[in-house]
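Numbers restart at 1 for each chain; the letters A, B, ... are given by sequence-line order, proteins then strands. Because the structure is a prediction, the values reported are computed rather than measured.
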There are 2 protein chains.
Amino acid sequence: MGSSVDGTGKQRPTMADVAAKAKVSRALVSIVFRNQPGASQKTRDRVLRVADEIGYRPDNAARLLARGRSRTLGVMLTVHNAFHADLVTSVYPEAEGLGYDVLLAATAPGHGESHAVESLISHRCEAVILLGPDAPTADLDALGRRTVAVSVGRRVPGARVDSVRSSEGKGVRQAMDHLVELGHRHIVHIDGGRGPGSAERRRAYRAAMRRHGLDSGVRVIPGAHTEESGIAAGHLLVAERDRGHPLPTAVLAGNDRCAMGLLMTLARAGIDVPGEVSVVGYDDSHLSHVMPVGLTTVRQDAVRMARYAVRFAVERLGDGASEKPREAVLDPKLVVRDTSAPPRP
Amino acid sequence: MGSSVDGTGKQRPTMADVAAKAKVSRALVSIVFRNQPGASQKTRDRVLRVADEIGYRPDNAARLLARGRSRTLGVMLTVHNAFHADLVTSVYPEAEGLGYDVLLAATAPGHGESHAVESLISHRCEAVILLGPDAPTADLDALGRRTVAVSVGRRVPGARVDSVRSSEGKGVRQAMDHLVELGHRHIVHIDGGRGPGSAERRRAYRAAMRRHGLDSGVRVIPGAHTEESGIAAGHLLVAERDRGHPLPTAVLAGNDRCAMGLLMTLARAGIDVPGEVSVVGYDDSHLSHVMPVGLTTVRQDAVRMARYAVRFAVERLGDGASEKPREAVLDPKLVVRDTSAPPRP
DNA sequence: GCGCTCTACTAGCGCGCTCTAGTGCGAGTA
DNA sequence: TACTCGCACTAGAGCGCGCTAGTAGAGCGC
């Protein structure tokens, strides 16, 4: 007896409890909670009041089971990624506006993408939105056949998966045009290894150099989308300078985190940015606003990307029409701040 | 007819489908999938093979409903917070080791804490782990009565909620002792406003100054747990110096992000760290490893904090015993890196 | 009186699973 | 032969809800 009611016995109240206490049928309570026609205003108020009193919350599991649809979107993200955080922030309002709930699952060391996705699916997410997926195309295709999947930030040609990304080509081209216009000729690129989008950025960098007649100056320093990689590249450049090689006058980093690490290393080495070296990032993640000296970078519009991702998922759930995978390619936008300037004469 | 099988018609196979195809009862399939005794090895293999063939996955919603327990832990986090990311990373393995699944919900602008928690609860999380909750104590207490809740990084005295935090007092004391031992006397503190733990850190800073006989030098610059706040404080100090006031020889920042902003501002102003000013952070978040010059900081052990949080939740689910809210206070540890040194004579 | 419509409400099945209480059935024991 | 025992397996109730089909009653026209 002692164990049944107080504190410890957290027995969730059910619809039946509410119904009994409000002296109506279960069905009526259901109607009220789904906000459907078929109940008088008076009854609605009473039911809601009673429900509130006994702390009733509809049970999603049962709800899903009964209606066959969960109206829940799953989002897979990398928990340390600031850009993913931006995206998630924008996914919420969009999804809720369309009547969908959002559940998150993170990838982390020891908790890979398949884990995260399985978790989402088994919690009945109707669709999964994958932020920067890293899985093989074949896996994504298989996933896309099993459920509705949207990839954000990565093209997945040949897989049954919608995708949303920004045009890496255009972004890089804008950045390069900006630098060349300022007068830079010696521009190196720290690439993002196999990070999302980096292959395209690399390609676009090369193309831009060629287009500006700077073929011979092409230099790609292998890197990754991390601060460490920017630091390493910075050390490399500084070491080269100390051995008598000239610094490049501009660096196009693989992303903002990389640019960030680079900036700190340059600052430490007493190299003036943008006086001696201009630095351009990529992403316009929170970092860029936050630094005392604004980072010139390429903005990927997280809000619009999130919107497209959610819409793709919901539309495909809606009709299942439009058999072919769709792709939204958004134009990124160069944001010029304080780390880029004409090279010193 | 055309719409029933191919591509679009993502009809999830159920247990009954597997049972029919394997020529056994549904119950047997259930036994196999729960890995319970009561089926021969031969049958197990056959069932699993058939299930795999038709792509069957157990449906969590139904499973939860049926067994009354979800064995799922919900984690509420702030999506932009690096320390939360560390915690989440450690929550996963711990929870999975205990047989629990993990679901995340983020707080974000327009998607407050109550939203996130409701979402978790309605998805049948048996317990919620709140990372740095900001809600009023009364709300947390109410939540703790409705379900099992654990607060991480914030004491919630008087609420029916377990909590895990590190001893701000000890952390700050270690940092201050370190600075004083190096010879610093002029130490200011940039506080964290109403951020988690900052009240205690502020108090501990004052106490330490007093203890070292530096009462008269106490100075708290109002701030927040953000890079911006570090930048602002940095500008303030630089401006003061330009007006002839001496710089402090050491700064205890409210957390790493704040320290980070401060460092960048100082670097920009040509102030040498740690030559002219020593800087100590708090959190040992990823940032600290990542900067080219290692940040001296106070480590909150994310791994252990996550472990305690999960254990508290699971234990309370297990027996419901130990009526009184429990509290784990972990000792943080000063990590001396490169931003602290003796003051210039 | 009858039929009709409209609103407010209820009965009860079924979603996909778990779990208790069984049913056979072959082997071991007396 | 009769009896237990243990193993492999099954029948069927029920988890909390949504939803379809239905009922009761009020109002209205003839």
Side-chain angles (χ1 to χ4, degrees), chain A residues 10-48 50-51 54-72 99 101 121-126 147, chain B residues 10-48 50-51 54-72 99 101 118 121-126 146-147:
Chain A
K10 321 232 181 201
Q11 264 304 13
R12 243 179 116 122
T14 76
M15 227 154 134
D17 300 327
V18 179
K21 190 145 190 231
K23 308 228 178 288
V24 292
S25 68
R26 278 191 325 101
L28 217 250
V29 178
S30 171
I31 286 171
V32 170
F33 269 84
R34 281 175 297 133
N35 226 340
Q36 291 237 326
S40 67
Q41 192 54 47
K42 241 177 69 184
T43 316
R44 268 176 217 282
D45 294 345
R46 182 159 40 94
V47 167
L48 288 176
V50 168
I54 64 179
Y56 166 77
R57 316 253 119 209
D59 177 336
N60 239 306
R63 192 168 246 190
L64 306 196
L65 237 206
R67 83 179 143 196
R69 294 204 48 183
S70 69
R71 298 193 74 85
T72 299
D101 199 2
I121 290 184
S122 78
H123 280 275
R124 282 218 155 205
C125 292
E126 297 180 21
T147 182
Chain B
K10 321 233 182 200
Q11 263 306 11
R12 244 177 116 127
T14 76
M15 226 155 143
D17 299 328
V18 179
K21 191 146 189 231
K23 307 227 179 289
V24 292
S25 69
R26 280 186 323 103
L28 215 253
V29 178
S30 171
I31 285 171
V32 170
F33 269 86
R34 281 175 295 133
N35 227 340
Q36 291 237 326
S40 67
Q41 193 54 49
K42 241 176 69 184
T43 315
R44 270 176 215 283
D45 294 345
R46 182 159 41 93
V47 167
L48 288 175
V50 168
I54 65 178
Y56 167 77
R57 320 247 120 211
D59 177 337
N60 239 308
R63 190 168 250 188
L64 306 196
L65 234 207
R67 84 178 141 197
R69 295 205 47 183
S70 68
R71 297 193 76 84
T72 299
D101 199 3
E118 290 301 336
I121 290 184
S122 79
H123 280 275
R124 281 216 154 207
C125 292
E126 298 181 20
R146 218 172 85 197
T147 183

### Query
For B/Ser122, does its backbone N or O pair with a side-chain atom of A/Asn60 as donor and acceptor, under 3.5 Å?
yes
### Query
Taking any atom under 4.0 angstrom from a heavy atom of chain A, which nucleotides of DNA chain D are the first and last to qualify, 5' to 3'?
D/dG16 to D/dC19
### Task
Would you mind classifying the nucleic acid contact of B/Pro37 as base, sugar-phosphate or nothing, using non-hydrogen atoms under 4.0 angstrom?
nothing
### Separation of atom CZ in B/Arg26 from atom C1' in C/dG16, rounded to whole Å
8 Å
### Task
Examine C/dT10: is either OP1 or OP2 under 4.0 Å from a nitrogen or oxygen in the side chain of A/Ser25? Give yes or no.
yes
## Note on the structure
If pairing means Watson-Crick or G-U wobble with both distances under 3.5 Å, then the partner of C/dC9 is D/dG22
### Query
Looking across every strand, which nucleic acid part, if any, lies under 4.0 Å from A/Ala27 by heavy atom: base, sugar-phosphate, or nothing?
base
### Task
Answer with yes or no whether the side chains of A/Ser30 and A/Arg26 bring together a donor and an acceptor at under 3.5 Å.
no
### Task
Nearest-nucleotide wise, let me know which of B/Gln36 and B/Ala62 is further upstream toward the 5' end of DNA chain C.
B/Ala62
### Message
For B/Glu126, is there an ion pair with B/Arg67 - N to carboxylate O distance below 4.0 angstrom?
### Response
no
### Query
B/Arg67 side chain: which of C/dC17, C/dT10, C/dC19 is closest?
C/dC19
Which atom pairs, donor and acceptor, lie under 3.5 Å between side-chain atoms of residues 14-24 of chain B and protein residues at least two apart or in another chain?
residue : atom : partner : partner atom : Å
B/Thr14 : OG1  : B/Ala16 : N            : 3.1
B/Asp17 : OD2  : B/Thr14 : N            : 2.8
B/Lys21 : NZ   : B/Glu53 : OE1          : 3.2

### Selection from C/dG16, C/dT10, C/dA8 that lies nearest to any side-chain heavy atom of A/Ser40
C/dA8
